[in-house]
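Have a look at the structure below, then the notes.
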Protein chains: 2
Amino acid sequence: MEHRIERIKKQLHAQSYKLTPQREATVRVLLEREEDHLSAEDIYLLVKEKAPEIGLATVYRTLELLSELKIVDKINFGDGVSRYDLRKEGAAHFHHHLVCMECGTVEEIVEDLLEEVELIVEEGWGFQVKDHRLTFHGICRDCQPKQD
Amino acid sequence: MEHRIERIKKQLHAQSYKLTPQREATVRVLLEREEDHLSAEDIYLLVKEKAPEIGLATVYRTLELLSELKIVDKINFGDGVSRYDLRKEGAAHFHHHLVCMECGTVEEIVEDLLEEVELIVEEGWGFQVKDHRLTFHGICRDCQPKQD
DNA sequence: CTTATTGCAAAGCATTTGCATCGTG
DNA sequence: CACGATGCAAATGCTTTGCAATAAG
C-alpha cells in the first residue's frame, strides 16, 4: 500500500504535479476500496472522513488528473454517473466487468481474454487497438438460483 | 425501410404504445442515419426538419421508449453524451465499436467475435451473459499514416 | 371518448469553472 | 517565494419532469 502510494507520488512528480494531502487522501480511498466502482460523490464522502475540508471539485480535479496519468480508468455503466477504477499494477490493458442485471453487483475480470479478438480486429479492420472496454450484462452466480 | 417501420409499429402496438407522427419521424431519422451514432440533440435537430413542432423532451421520451423495447441501444463513448444506435435486424447481441482516438470516427463491427469469450465467462465465472458492450479505442486505418 | 402523448418551461443532477486564497516544493 | 492547488459558489450542459393542452386508437 505505502509502496503503491510512493509509486504514484513518483508518477506525479515526473510530470511536476504535487502530491497534496487531498490527492493522497483520494488515492488512499481508491486503494482501500479497490474492488469497488465508486462514483466521484462516493469518493468525496469517503475522503471527507480523512480530510473533512476537502471540496468536491478537488476530488473531480484529482480524478481527472489520475485519469490522464492512466492511474485510474473512468467507466460508465449506463446510469448517469462516472465511476473510477484503479488500474491493476502493471496491467497492459483495462480489465473487464460483469454487471449483474439483478442485484447490480460489478465483478472484475483481470484476465485478458481479448488477445485473439484484437488480432482479428487489427487484421480484418486495419484498426490499431490501443485499449478496450468490455462489459458483460447478465445474471451473476448468486442471483441465478433466484431465477426460476 | 417501410418494412422496418411497420415492424416497429407492431412492436409498439404489442405493448399498447401508439406510433405518433413524432415517434415515426424519430424512427425515420434513426433508420436514415443508421451508420451514425447520434446524440439526442443531433436527433432532435434532424427530426425538426421533418416535424418542426417537435420538442426535445419528446425525442428523449421516444428514445427511452425505443431503448426499453430494445429497438435502439444507448451507448456512451466517454464524452458526457448518450448516443443512440439502432439494433441490427435480428441481431442477438449488440454490435461492437471501434473509436478512433485521432479523428473520433466510430466504426461498427457486426460480427459477434465474443462467442468464445462468453463461454469462458459463463463457465469460469458462473455468470449468465445476456448482453455485452465492447469498444476498442485506437487508431483507424485512415489515421495510421498520419502517425509519427 | 378515453387515455396516452406532446410541448413548454422549470427542475434536477453530475460535472466544470472562476477566482481569491493557501501551501507545497 | 512563485506558482500550482484548493474551496466555495456559481455556471454549465445533458436529461427529466410537471402540467395543461392535444390527438391517437
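Throughout, a chain's letter reflects where its sequence line sits, starting with A, and its residues are numbered from 1.
Straight-line distance from the OH atom of B/Y60 to the P atom of D/dT17: 13 Å, rounded to whole Å. In this structure, CG of A/N76 is placed 14 Å from C1' of D/dT15, rounded to the nearest angstrom. In this structure, B/E24 atom CD and D/dA23 atom P are separated by 17 Å, rounded to whole Å. Atom CD1 in B/I43 sits roughly 14 Å away from atom C1' in D/dC14 (whole-Å rounding). Rounded to an integer number of Å, the gap from B/H13 NE2 to D/dG25 C1' is 8 Å. Protein atom NZ of B/K74 is 10 Å distant from nucleotide atom C1' of D/dT16, rounded to whole Å.
Taking 4.0 Å as the cutoff to heavy atoms of chain A, we find the contact window on DNA chain C bounded by C/dA14 to C/dG25.
Closest approach of B/V117 and A/L113 over heavy atoms only: CG2-O, 3.4 Å. Of all the heavy atoms in A/L69 and A/Q11, the pair that sits closest is O-OE1, 4.0 Å.
When heavy atoms are screened at a 4.0 angstrom cut-off, B/S39 is found touching no nucleic acid atom at all. Nucleic acid contact class of B/S82 (heavy atoms, under 4.0 Å, all strands): sugar-phosphate only. At a threshold of 4.0 angstrom between heavy atoms, the contacts of A/R61 include nucleobase atoms, whether or not backbone atoms are also involved. As judged by a 4.0 angstrom heavy-atom cut-off over every strand, B/E53 is placed among residues touching the sugar-phosphate backbone only. Using a 4.0 Å heavy-atom cutoff across all strands shown, A/E41 reaches no nucleic acid atom at all.
A cation-pi arrangement is absent between A/R141 and B/F127 under the rule of less than 6.0 angstrom and at most 45 degrees off the ring axis.
Each of B/I54 and B/S16 was assigned the nucleotide of DNA chain C with the nearest heavy atom; the assignment lying further toward the 5' end belongs to B/S16. Nucleotides of DNA chain D nearest to B/G80 and B/A57 differ in position, and the one nearer the 5' end is that of B/G80. Along DNA chain D, the nucleotide closest to B/T20 and the one closest to A/K48 are compared, and the more 5′ of them pairs with A/K48.
Each of B/H96, B/H97, B/H95 was checked for a ring pair (Phe, Tyr, Trp, His ring centres under 6.0 Å) with B/H132, and the lone residue meeting it is B/H96.
When distances are taken from the side chain of B/P21 to each of D/dG4, D/dA24, D/dA9, the shortest belongs to D/dA24. Proximity note for A/R23 (side chain, C-beta onward) versus D/dA5, D/dC14, D/dG7: the nearest is D/dA5.
A/E111 CD: more than 12 foreign heavy atoms inside a 6.0 Å radius. The 12-atom threshold is not exceeded at NZ of B/K70, counting heavy atoms of other residues, nucleotides or ligands nearer than 6.0 Å.
When the side-chain nitrogen and oxygen atoms of A/Q22 are compared with OP1 and OP2 of D/dG7, one or more of them lie within a distance under 4.0 Å.
Under the 4.0 Å criterion applied to side-chain N and carboxylate O atoms, A/R87 and A/D131 are assigned as salt-bridge partners.
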